[in-house]
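Hydrogens, waters and symmetry mates are skipped; everything else that's a heavy atom, side chains included, is used. Quick note: residue numbers are just sequence positions, from 1.
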Amino acid sequence: MIIEQIKELLQQVENIKAANAEELEAIRIKYLSKKGIISSLMNDFRNVPAEQKREVGMFINQLKEKTQSKINELKEVFENTQVSDNEIDLTRTAYPIELGTRHPLSLVKKEICDIFGRLGFSIAEGPEVEDDWHVFSSLNFAEDHPARDMQDTFFIQHGPDVLLRTHTSSVQSRVMEKQQPPIRIICPGRVYRNEAISYRAHCFFHQVEALYVDKNVSFTDLKQALLYFAKEMFGPETKIRLRPSYFPFTEPSAEMDISCDLCGGKGCAFCKHTGWVEILGCGMVDPNVLDNCGIDSKVYTGFALGMGIERITNLKYRVKDLRMFSENDIRFLKEFESAN
């Protein structure tokens, strides 16, 4: 009989227990929701004989009131329970936690890697704590080269040959030691130099370097790769020019400028009224470097290029102070939400 069923439910309600608010809500839904047990009893009430309707109706109302009272009683217990000191996270912000955004340097690094990825370059990485051979000697740096001086390099006390890498070219030398051509890699990473911190320089920054070694690689291949990169990064109207330069690990070497996108090459304060802005260094890999790394320079040639990610980010977003990239000022980082 329905009365016997209701009596059993009354006994169940009397013994209801919940460990937390989530369990209590599940119990409420089970008994009091539109598809719950009590609603089901109300639907069955129409089939009860007329002489029993009064008695059954009283039992259903009693069950409903008892259930609601029990749930309210347990709910009040949960609301009044004090949280122990061990459960309080004192470091948690008092404001709602917001979703973060990618750092501007991460955005630009990804864009650079994606562009070179479309040219067939794969990403290579290496250690930040390096040795003299991979950072300097294998790359054709002379013993008395200024870059080896303490003023430029952070040496570690474990020995004179242990240091923090000053460029990601060390990754290139490691790859060339282990792999024979064809080699087509891009090397993003953090580098360190012993410089005074200012709005123009920092003791650490980020670089992306690229290396392509194969048979019959020419300066023309380098120029085409640079032109493609510049147009993809800064827009299809971008022009480039190459100026002779010097790097120990490339010969011939060049600095690459792009046409200023602020003035369209006409000259402004940003480009110092030249119409051009320098963005990277490049050149053909010196045969000595190939030989040092176990690659036959009489058979293979290659080109290399490198740029500072902060430099490219400055050109894209006009950030005037390099220190802002490492200070983690939320107001500054929020400006790049739309770029994510």
Practice task
Classify the side-chain pair S137/D132 by whether it contains a donor and acceptor separated by less than 3.5 Å.
Solution key: yes

Handout entry: Within-4.5 Å side-chain heavy-atom neighbours: S218 and T301
Key = no

Completion exercise
Smallest heavy-atom separation, N292 atom then S138 atom, equals ND2-O, 3.3 Å

Handout entry: Residues R331, D329: salt bridge by 4.0 Å N-O rule
Key = yes

Problem - Side-chain ion pair, K66 and E14, N-O less than 4.0 Å - result: yes

Handout entry: NZ/NE/NH1/NH2 to OD/OE distance under 4.0 Å, E310 and R323
Key = no

Practice task
Considering only NZ, NE, NH1 and NH2 on the basic side and carboxylate oxygens on the acidic side, decide whether E25 and R28 come within less than 4.0 Å.
Solution key: yes

Handout entry: Modelled atom types, side-chain donor and acceptor of Y246 and E251, under 3.5 Å
Key = no

Exercise for the section: Check for a donor-acceptor pair, side chain of S253 on one end and backbone N or O of G281 on the other, with a separation under 3.5 Å. Expected result: no

Problem - Backbone of T238 reached by a side-chain donor or acceptor of K231 within 3.5 Å - result: yes

Handout entry: Test item: side-chain donor near acceptor, T250 and D286, under 3.5 Å
Key = no

Problem - N61 (side chain) donor-acceptor with M58 (main chain) under 3.5 angstrom - result: no

Handout entry: Donor-acceptor contact below 3.5 Å, side chain R165 vs main chain H134
Key = no

Handout entry: R118 and E232 ion-paired at < 4.0 Å
Key = yes

Handout entry: Electrostatic pair R311:E278 at N-O distance under 4.0 angstrom
Key = no

Handout entry: Closest contact, heavy atoms only, M284 versus V217
Key = CE-O, 3.4 Å

Problem - Any donor-acceptor pair under 3.5 Å from R193 side chain to T166 backbone - result: yes

Exercise for the section: Give a yes or no answer on whether the side chain of T153 reaches the backbone of F155 with a donor-acceptor pair at less than 3.5 Å. Expected result: no

